Amino acid sequence: IDMVGVESDSRIILAEGVTKFFANMVRNRQIPLSMNREKVLHQLTEINSKLMALKWSYLPLEQVLLSKDFRAVEIFAKEIFDSFPPNWEETLGSRGTEGQKLVGLLKFIRDFYYRLRERISTGFSEDLSDAMDIFCGEVLSIELISKGVWKCLVADGQARYNVITAIEGVKKGEVVPIAKLPPQVVHGIYSEGMFMGSSEGLRRFTKEDIGKRPELTDKELGQSRGILKQQFLSQK
């Protein structure tokens, strides 16, 4: 019997961490945009309050999805990102790799809020991997950037992503599992995700699998879960 409830759902718990992380960014003026910071902080406080109310409501899934608290989280998140100045992505993205990283991080946060309902509607889960985008992507190009580190351009059928990896033997044209994660700058290059492998290596998939979510083992999922925990759940 599945006894996972809203109070232990990985998406709700991660949403609390993302909200705290985002509020710290705003508070510490890490987002160089012309926005009303006090208003955004108030909206983030409201989001956190609604998430807490949801978490301890012990409501079943159907009632969580219909609740005013869940809808309020979505409304406040949309209000925050609608308040960003026009062309904010281009403005920040023109500031080199760190600007690209900031754009990627803000888009990751925005998309996390915007897709919260879609993710939770599949059922409560304690597994952090259910809170992230994992898909099979085709390696379009691979370039050695330093000893034992490669830059790969990967496509999922709709978009292209930079993935910096230390996994040897990845070849152009292969279809491999990828997790889309908060972006990093590695060796001066913007990276948007990671290949999902384990000590046994990286599994290859077929062209028919491009864009689909693969079934992966705990070992293959472990590192990506750890990255999400470290970024969003390690703050006290």
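Along the sequence shown, residues carry numbers from 1. Since we're looking at a predicted model, the values are computed, not measured.
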Does a side-chain heavy-atom distance below 4.5 Å link L41 with R27?
-> yes
Practice item. Please indicate whether E168 has more than 12 foreign heavy atoms, meaning atoms of other residues, nucleotides or ligands, lying under 6.0 Å from its CD. Key: no
Any donor and acceptor pair, going by atom type alone, linking the side chain of T19 with main-chain N or O of A15 inside 3.5 Å?
-> yes
Same apolar cluster (I L V M F W Y, side chains within < 4.5 Å links), I134/V170: no
**Q.** F205-I167 co-clustered via ILVMFWY side chain contacts under 4.5 Å
**A.** no
Scanning both residues in full, the closest heavy-atom pair of S224 with M196 reads OG-CE, 3.2 Å
Pair S67, D69: side-chain N/O donor-acceptor within cut-off below 3.5 Å
no
Practice task
May I ask you to check whether F135 and Y161 place their ring centers less than 6.0 Å from one another?
Solution key: yes
Between the CG atom in L181 and the CZ atom in R225, the distance rounded to the nearest 0.5 Å is 12.5 Å
Checklist entry - In terms of heavy-atom contacts, does NZ of K101 have more than 12 from other residues, nucleotides or ligands at under 6.0 Å? => result yes
For residues F124 and I13: do they belong to one hydrophobic cluster (side chain heavy atoms under 4.5 Å, members Ile, Leu, Val, Met, Phe, Trp, Tyr)? yes
- prompt: Any donor and acceptor pair, going by atom type alone, linking the side chain of Q63 with main-chain N or O of P60 inside 3.5 Å?
  reply: no
*Are I142 and L144 grouped together when hydrophobic residues (ILVMFWY) are joined by side-chain heavy atoms under 4.5 angstrom apart?*
yes
Q | Heavy-atom check, side chain of D209 versus side chain of P214, under 4.5 Å | A | no
**Study point:** Close side-chain approach of N162 to L153, heavy-atom, < 4.5 Å
**Key:** yes
All heavy atoms of T165 vs all of C152, minimum pair found to be CG2-SG, 4.1 Å
- Within a reach of under 6.0 Å around CZ of R160, are more than 12 heavy atoms found that belong to other residues, nucleotides or ligands? no
Would you call Y114 and K78 a side-chain contact if the rule is heavy atoms closer than 4.5 Å?
yes
Query raised in the report: So do the side chains of W56 and E7 get within less than 4.5 Å of each other, counting heavy atoms only?
Result: yes
Closer than 3.5 angstrom, by distance alone: can the side chain of E174 be matched with the main-chain N or O of K171 as a donor-acceptor pair? yes
d(I164 CD1, I189 CD1) to nearest 0.5 Å is 4.5 Å
Exercise. Does D9 use its side chain to pair, donor to acceptor, with the backbone of I12 at less than 3.5 Å?
Worked result: yes
CH2 (W88) and OG (S34) are apart, to the nearest 0.5 Å, by 12.5 Å
Distance col, row F112:CZ vs F232:CZ, nearest 0.5 angstrom, shows 8.5 Å
task: Flag yes if V103 and Y190 sit in one hydrophobic cluster, no otherwise; membership is Ile, Leu, Val, Met, Phe, Trp, Tyr, and two members link when side-chain heavy atoms are under 4.5 Å apart.
output: no
Within 6.0 Å of CD in Q223, more than 12 heavy atoms from elsewhere
no
So NZ of K39 and NE2 of H42: to nearest 0.5 Å the spacing works out to 9.0 Å
(Q) For R110 and E89: C-alpha separation, side-chain torsions, deciding distance, then whether salt bridge (charged side-chain N to carboxylate O under 4.0 Å, His left out) applies. (A) CA-CA 12 Å; R110 179 192 66 190; E89 292 179 37; 3.6 Å; yes
Between the CG atom in D127 and the CG atom in D218, the distance rounded to the nearest 0.5 Å is 7.0 Å
(Q) Less than 4.5 Å apart, side chain to side chain, heavy atoms only: is that true for L61 and S121? (A) no
Here the pair of heavy atoms bringing G93 nearest to Q100 is O-CG, 4.0 Å
(Q) Quick one, D156 with I178, criterion side-chain contact (heavy atoms from CB on, under 4.5 Å). Give me CA distance, side-chain angles, the key distance, then yes/no. (A) CA-CA 9 Å; D156 68 356; I178 297 150; over 6 Å; no
In terms of heavy-atom contacts, V186 and S191 come closest through CG2-CB, 4.4 Å
For S125 and R11 the tightest heavy-atom approach is N-NH2, 3.3 Å
Problem set entry | V40 side chain reached by N36 side chain, heavy atoms, under 4.5 Å | no
**Check against side-chain contact (heavy atoms from CB on, under 4.5 Å), M132 and L14** = CA-CA 10 Å; M132 67 180 94; L14 192 62; over 6 Å; no
Note to self: If you define the side chain from C-beta out and look only at heavy atoms, does anything of S8 sit under 4.5 Å from V4?
What the structure shows: yes
Test side chain to side chain contact (heavy atoms under 4.5 Å, CB included), reference L102, set Q30, M25, R95, output is M25
side-chain contact (heavy atoms from CB on, under 4.5 Å) between S10 and R119, intermediate numbers included:
CA-CA 10 Å; S10 62; R119 292 190 200 280; over 6 Å; no
Check your understanding: If you count the non-hydrogen atoms of other residues, nucleotides and ligands that lie under 6.0 Å from CD in E90, is the total more than 12?
Key -> yes
Q: With side-chain contact (heavy atoms from CB on, under 4.5 Å) as the test, would you mind laying out the steps for R29 and R37 before giving the verdict?
A: CA-CA 9 Å; R29 298 186 173 273; R37 291 174 194 277; 3.1 Å; yes
### Query
Taking the inter-plane angle between the rings of F84 and F22 on a 0 to 90° scale, is it parallel (under 30°), tilted (30 to 60°) or perpendicular (over 60°)?
perpendicular
Between R115 and D133, does a salt bridge (charged side-chain N to carboxylate O under 4.0 Å, His left out) hold up when you go through it step by step?
-> CA-CA 10 Å; R115 292 189 56 202; D133 289 326; 2.6 Å; yes
Here the pair of heavy atoms bringing V175 nearest to T206 is CG1-O, 3.6 Å
